Amino acid sequence: MPHPLQGAFDRVDRANEHIAEFETEQTAFGRAYHDNLSIEPNSKPPPDFCTREKFQVIPSDRSAILLGEITYNFRAALDYLVFELAWKDSGSPQDFTQFPICDLKKDFDRKAPRDMVGISAAHQAAIERLQPYNRCNWTAVLRDISNPDKHRHLVRSDYGFRIRITTLPAPDLKGINAPMFRSECRAERPSGEKVNVYLATEAPIMIRARMPGGNIKIVPVIELLKQIEAGVRDTLEAFKPEF
């Protein structure tokens with residue numbers, strides 16, 4: 001017989017498949033952004049060169065759809081966990097259970113009798129430790145970006161975009177948040193001298209999300225999804241021995 005949490009782990013695996021698709025979309029977005037840049041003399045050097053966008057590049061609608069599917073599967077995995085805990089602790093399946101995510105303890109206390117009916121006090125306490133008001137930030141981020149109003153509006157922002165223009169053949173960007181794109185061309189300095197210029201860009205798809213402490217920042221989506229995936233998977237692994 002499969003483990004009672006196998007369905008929850010399958011949901012995490014499905015989310016990871018969508019994350020791979022999202023990274024493909026991000027790569028296409030980054031390539032379009034890079035190819036859309038032109039290198040021009042800087043009218044007020046230094047530096048000698050600057051970039052200009054020919055037109056604005058935005059993430060595709062598919063990116064937003066994938067983000068919604070990813071977060072849906074993560075939340076479903078947590079809901080599966082609560083359902084299985086309620087069945088184990090009470091001895092029978094319970095209807096309408098779900099994993100609560102609350103900013104305030106009073107909200108958790110209000111929702112717990114309905115969302116976690118049949119679950120033991122010890123297991124409810126373990127779930128409470130995963131609430132945003134107990135400084136578990138990944139659950140807060142998951143709740144925020146799974147809201148349709150959030151994942152439908154991905155941010156195309158210069159915040160976080162990195163551009164490097166150099167006359168040296170090895171631009172020193174590492175490609176931490178998204179794939180790196182590089183190209184070279186002949187360009188003219190303000191002095192009129194023509195030289196080889198190398199361009200490197202990194203253009204992650206961004207989203208506004210709440211950080212620890214409550215501040216809202218614009219951060220790479222992939223960075224957040226990997227944090228959430230680790231949080232969900234670690235949670236399932238922690239509860240696995242309970243069955």
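What you see is a predicted model, and the numbers here were worked out from it, not measured in a lab.
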### Query
Going hydrophobic residue to hydrophobic residue with side-chain gaps under 4.5 angstrom, can you get from Leu130 over to Ile228?
yes
### Message
Tell me which pairs pass side-chain hydrogen bond (donor to acceptor under 3.5 Å, both in side chains) where either residue lies in residues 224-234, with sequence neighbours left out.
### Response
Asp13-Arg233, Asn16-Glu229, Glu229-Arg233
### Query
Please walk me through it: do Met116 and Ile127 pass side chain to side chain contact (heavy atoms under 4.5 Å, CB included)?
CA-CA 10 Å; Met116 297 189 292; Ile127 291 172; 3.6 Å; yes
### Message
What verdict does the side chain to side chain contact (heavy atoms under 4.5 Å, CB included) test give for Glu84 and Lys88, after you've listed the backbone C-alpha separation in whole Å, the side-chain angles of each residue and the deciding distance to 0.1 Å?
### Response
CA-CA 6 Å; Glu84 293 296 343; Lys88 176 184 182 298; over 6 Å; no
### Query
Under the side chain to side chain contact (heavy atoms under 4.5 Å, CB included) criterion, do Trp138 and Thr235 qualify, and how do the steps go?
CA-CA 11 Å; Trp138 67 263; Thr235 297; 3.4 Å; yes
#### Entry: Over all atoms of both residues, closest heavy-atom pair of Ala187 and Val197
CB-CG2, 3.6 Å
## Note on the structure
Residues passing the salt bridge (Lys or Arg N to Asp or Glu O under 4.0 Å) test with Glu25, sequence neighbours excluded, are Arg62
### Message
Strictly distance-based, threshold 3.5 Å: is any side-chain N or O of Thr97 a donor or acceptor partner for the main-chain N or O of Asp115?
### Response
no
## Note on the structure
One should read off an interatomic distance between Leu66 CG and Ser60 OG, to the nearest 0.5 angstrom, of 7.5 Å
### Message
With a 3.5 Å distance limit and no angle check, can you tell me whether Asn73 reaches the backbone of Val12 through a side-chain donor-acceptor pair?
### Response
no
### Message
Show the nearest heavy-atom pair for residues Asp89 and Gly118, with the distance to one decimal.
### Response
CB-O, 3.2 Å
#### Entry: Straight-line distance of Thr71 OG1 to Asp144 CG, nearest 0.5 Å
11.0 Å
#### Entry: Minimum side-chain heavy-atom gap Pro179-Gln26 below 4.5 Å
yes
### Message
Apply the hydrophobic cluster definition, ILVMFWY joined by side-chain contacts under 4.5 Å directly or through others, and give me every member besides Phe83.
### Response
Trp87
### Neighbour count above 12 (heavy atom, 6.0 Å) for Arg186 CZ
yes
### Task
Quick one: closest heavy-atom pair of Asp109 and Pro113, and the distance?
O-CD, 3.2 Å
### Task
Measure across Arg129 and Cys136 and return the closest heavy-atom pair with its distance rounded to 0.1 Å.
O-CB, 4.1 Å
### Task
Tell me, with the steps shown, if Lys54 and Asp35 meet salt bridge (Lys or Arg N to Asp or Glu O under 4.0 Å).
CA-CA 9 Å; Lys54 302 166 190 172; Asp35 292 346; over 6 Å; no
### Query
With the threshold set at 4.0 Å, does a side-chain nitrogen-carboxylate oxygen contact exist between Asp107 and Arg110?
yes
### Query
Are Leu85 and Leu5 connected in a single hydrophobic cluster, I mean Ile/Leu/Val/Met/Phe/Trp/Tyr linked by side-chain heavy atoms less than 4.5 Å apart?
yes
### Message
Do His34 and Leu199 make a side-chain contact, defined as non-hydrogen atoms from C-beta onward lying under 4.5 Å apart?
### Response
yes
### Query
Under 3.5 Å, side chain of Glu223 to main-chain N/O of Val219, donor-acceptor pair present?
no
### Query
Any donor-acceptor pair under 3.5 Å linking the side chain of Gln94 with the backbone of Ala86?
no
### Query
Between the main-chain N or O of Arg143 and the side-chain N or O of Asn147, is there a donor-acceptor pair closer than 3.5 Å?
no
### Message
So, using side chain to side chain donor-acceptor pair (under 3.5 Å) as the criterion, who are the partners of Glu237 when residues are at least two apart?
### Response
none
### Message
Would you say that Lys111 contacts Cys102 through its side chain, given a criterion of any heavy-atom pair below 4.5 Å between the two side chains?
### Response
yes
### Message
If the test is side-chain hydrogen bond (donor to acceptor under 3.5 Å, both in side chains), which one of Arg75, Gln98, Arg11 qualifies with Tyr80?
### Response
Arg11
### Message
Just checking Ile58: does its CD1 atom have more than 12 heavy atoms from other residues, nucleotides or ligands closer to it than 6.0 angstrom?
### Response
no
### Query
Under 4.5 Å between side-chain heavy atoms, hopping through other hydrophobics if needed: is there a path connecting Leu37 to Val57?
yes
### Task
Could you tell me the separation between the CG atom of Asn36 and the CD atom of Glu53, rounded to the nearest 0.5 Å?
5.5 Å
### Task
Using a 4.5 Å cut-off on heavy atoms from C-beta on, say whether the side chain of Tyr198 contacts that of Leu168.
no
### Query
In Å and rounded to the nearest 0.5 Å, what is the CZ to CG distance from Phe22 to Leu225?
6.5 Å
### Query
Do the side chains of Ile101 and Phe108 get nearer than 4.5 Å, heavy atoms only?
no
### Query
Considering residues at least two apart in sequence or located in another chain, which fulfil the salt bridge (Lys or Arg N to Asp or Glu O under 4.0 Å) criterion with Glu188?
none
### Query
Backbone N or O of Lys44 within a donor-acceptor pair of the Asn42 side chain at under 3.5 Å?
yes
### Task
Identify the two heavy atoms, one from Leu154 and one from Val221, that lie closest to each other, and give their separation to 0.1 Å.
CD2-CG2, 4.1 Å
### Query
Are the side chain of Ser63 and the backbone of Pro59 linked by a donor-acceptor contact shorter than 3.5 Å?
no
### Query
According to a 4.5 Å side-chain heavy-atom criterion applied to Ile, Leu, Val, Met, Phe, Trp and Tyr, with indirect links allowed, do Leu224 and Ile222 form part of one hydrophobic cluster?
yes
### Message
Checking Arg52 now: which residues fulfil salt bridge (Lys or Arg N to Asp or Glu O under 4.0 Å) with it, not counting sequence neighbours?
### Response
Glu40
#### Entry: Positive for ring pair (Phe, Tyr, Trp, His ring centres under 6.0 Å) with His3, one of Phe243, Phe239, Phe9
Phe243
### Summary
Separation between NZ (Lys194) and CZ (Arg189), nearest 0.5 Å, reads 14.0 Å
### Task
Answer yes or no: is there a side-chain heavy-atom contact under 4.5 Å between Phe49 and Thr166?
no
### Query
Quick check, are the ring centers of Tyr33 and Phe161 under 6.0 angstrom apart?
yes
### Query
For Asp61, does the CG atom have more than 12 heavy-atom neighbours from other residues, nucleotides or ligands under 6.0 Å away?
no
### Message
Is the shortest side-chain heavy-atom distance between Pro220 and Met206 below 4.5 Å?
### Response
yes
### Summary
Minimal heavy-atom distance between Ala15 and Phe74, with the atoms involved, is CB-CE2, 3.5 Å
### Message
With heavy-atom distances below 4.5 Å as the criterion, would you say the side chains of Glu128 and Lys105 are in contact?
### Response
yes
### Task
Starting at CD1 of Ile39, measure out to OG1 of Thr51 and round the result to the nearest 0.5 Å.
8.0 Å
### Task
Could you walk me through whether Leu67 and Ile145 pass side chain to side chain contact (heavy atoms under 4.5 Å, CB included), step by step?
CA-CA 8 Å; Leu67 182 56; Ile145 66 175; 4.3 Å; yes
